[in-house]
2 protein chains.
Amino acid sequence: MNNASSNLNTANLQSASGSQAGGPSPTFSPLYQQIKALITQSLQSGEWKPGELIPSEVELAGRFKVSQGTVRKAIDELAAENLVVRKQGKGTFVSTHHEARAHFRFLRLMPDEGVPHYPESKFIEVKRMRAPADVARLLELKSGDAVVFIKRVQSFDGIPTIVEELWLPGLIFKGLTAERLNEYKGPMYGLFESEFGTRMIRAQEKIRAVCAGDSEAELLQLAAGTPLLMSERVSFTYGDKPVELRRGLYSTARHHYQNDLS
Amino acid sequence: MNNASSNLNTANLQSASGSQAGGPSPTFSPLYQQIKALITQSLQSGEWKPGELIPSEVELAGRFKVSQGTVRKAIDELAAENLVVRKQGKGTFVSTHHEARAHFRFLRLMPDEGVPHYPESKFIEVKRMRAPADVARLLELKSGDAVVFIKRVQSFDGIPTIVEELWLPGLIFKGLTAERLNEYKGPMYGLFESEFGTRMIRAQEKIRAVCAGDSEAELLQLAAGTPLLMSERVSFTYGDKPVELRRGLYSTARHHYQNDLS
DNA sequence: GAGTGGTCTAGACCACTCC
DNA sequence: GAGTGGTCTAGACCACTCC
């Protein structure tokens, strides 16, 4: 059996256009895309939390009244986008930033020698402020909306290498304080995910070369005028909503920015 | 019907381990991976050339004596790796660098304002030489092996922005001269693909910040000491074979290096 | 042994292109 | 209408994990 029962079974989903009179629907979307959207909603709403097991393919197929193959195709795409991780024999898990695996997905600065490891953070400043115009624009806020501002220096093996400033929407990151940041070990995205229910899933980065100013030079213990990489990064959560602006200066004396083109 | 006939039909491929005595094979590889390897061989050998149509899924399924679904899965992966491009209703085509689409896959320098377009090249030097130790190591050649060396400046709207040096294995790029390069319009990878049968399919890039030396400053018409992005890129063809080393200096006065993290 | 994701098949029908 | 890739189903069996 196929189409007849399929249309019956998927009555609550948008049925494929071909079986209806009047030709192709202008908003045609395959079943598996609709299933993917439903699963994404459950991820976004926190019904299945980072690190947790989601229902099995068979279970989801039953729930959505589609074949296992259709659920598979939906999950395949979610896995390709790093929203979930499949583990054969175990199940499919919601991705989390609390994993060694995830730590270097957004940090592309690699040591010239030795094995990559996560830097230590020292927070210079943490405060709430009103969003300047450029920050507001990139975070899709109104100029003057509340934002959390963070400035920190990151060091590898005690050598200060990154100085960065972050802006976060004040509404989402209400209780974020210097204390919380200092207590927390590991990548900030882990904290954001666990404590503020906001998972970064994608980022856009623009990189330039600049010379260190006096203030940056001091923080990085370098001579003023030393060339640095300057990164401006906007990170997005579900629904392509921007939720972080980060401006970083990277010393590339002992590190390089690594990128794989394919 | 399934397994019995499948094993018969795929007698010339490595059959799945489960139906044999003695438990799982240590070198188990799924059928679709074997099909993928066979298709990749045909791409590599030039049996199907860049821009050409490859045989249909039904045709390949018949040829390899597997189901269309298995061929689909193989081609899905090749499409994800940008080796082929699927076009619904038309067929599957071998990817080519002679396409607007491909031009910005390896060039990540984007204008701060205006629409991206491909730069004009001015060749400063083209010569054959012996590979220095570091070049030989990155290209997996022996120190002293013949390489082609190219130095050029690239300009956007008449403004010199990139100065780069390239090294190519001499054996592969035998007839590559300044004349050929000057005649040719468009990305060098198009020339390499058409004239030398070598397609770049992947690259590894390492980026640092440096200050312009006198020579670079002159070529880019900048003050000495201006901060520049320095990129070292190794490009690979089929079989992860390195076939190009490129060292570039990018002015980021009017451009930025763009990267999407996901 | 039971449960998970992973592979493979056969077959139907759809969307799209070209004629 | 014929041919292409795209979607969807049902069902079998495999690889792997946990018990």
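As a whole-Å value, the separation of A:Asp76 CG from D:dT7 C1' is 14 Å. If you measure from atom CZ of B:Phe64 to atom P of C:dT9, you get 13 Å, rounded to the nearest angstrom. At whole-Å resolution of the value, CG in B:Leu53 and P in C:dT17 are 15 Å apart. Residue A:Lys65 contributes atom NZ, which lies 17 Å from atom C1' of D:dC8 at whole-angstrom precision. Protein atom CD of A:Glu59 is 15 Å distant from nucleotide atom C1' of C:dG5, rounded to whole Å. When the P atom of C:dC8 is taken as reference, atom CD of B:Gln33 falls 9 Å away, rounded to whole Å. Protein atom CZ of B:Phe93 is 12 Å distant from nucleotide atom P of C:dT17, rounded to whole Å. The distance between atom CD of B:Gln68 and atom P of D:dG5, rounded to the nearest whole Å, is 7 Å.
Distance from the side chain of B:Ser56 is smallest to D:dG5 among D:dG5, D:dT17, C:dA10. Distances were taken from every side-chain heavy atom of A:Glu57 (C-beta onward) to each of D:dT7, C:dG5, D:dC18; the shortest belongs to C:dG5. You'll find that the side chain of B:Tyr32 is closest to C:dC8, out of C:dC8, C:dC18, D:dT9. The B:Gln88 side chain lies nearest to C:dC16 when the options are C:dC16, C:dG5, D:dT7. In the set C:dT9, D:dT9, C:dC8, C:dC8 carries the atom at the smallest distance from any side-chain atom of B:Pro30. When each of D:dG5, D:dA10, C:dC18 is scored by its nearest atom to the side-chain atoms of A:Ser67, the top-ranked nucleotide is D:dA10.
Residue B:Lys87 places no side-chain N or O under 4.0 Å from the OP1 or OP2 atom of C:dT17. In this structure, A:Lys73 reaches the D:dT7 phosphate: one of its side-chain N or O atoms is under 4.0 Å from OP1 or OP2. The side chain of B:Lys90 places an N or O atom within less than 4.0 Å of a non-bridging phosphate oxygen (OP1 or OP2) of C:dC18. Between A:Arg86 and C:dT4, a side-chain N or O to OP1/OP2 separation shorter than 4.0 Å is absent. In this structure, A:Arg72 does not reach the C:dG5 phosphate: none of its side-chain N or O atoms is under 4.0 Å from OP1 or OP2.
Defined by atom type and a distance below 3.5 Å, a donor-acceptor pair is missing between the side-chain atoms of B:Gln154 and B:Tyr250. Judged purely by distance below 3.5 Å, without hydrogens or angles, the side chains of A:Glu193 and A:Thr96 pair a donor atom with an acceptor atom. Inspection of the B:Ser121 and B:Arg152 side chains reveals an N or O donor paired with an N or O acceptor under 3.5 Å.
Look at D:dC16: its Watson-Crick or wobble partner, with both distances under 3.5 angstrom, is C:dG3.
Residues A:Gly89 and A:Thr70 both approach DNA chain D. Their nearest nucleotides, taken by heavy-atom distance, put A:Thr70 toward the 5′ side.
Annotation: cation-pi geometry satisfied between A:Lys87 and A:Phe93 (NZ/CZ under 6.0 angstrom from ring centroid, within 45° of ring axis).
For residues 88-98 of chain A, no pair satisfies salt bridge (Lys or Arg N to Asp or Glu O under 4.0 Å), with sequence neighbours left out.
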Margin query: Using the rule given for side-chain hydrogen bond (donor to acceptor under 3.5 Å, both in side chains), can you reason through B:His97 versus B:Glu99, listing the C-alpha separation, both sets of side-chain angles and the distance that settles it, and then say yes or no?
Written below: CA-CA 5 Å; B:His97 289 289; B:Glu99 279 185 334; over 6 Å; no
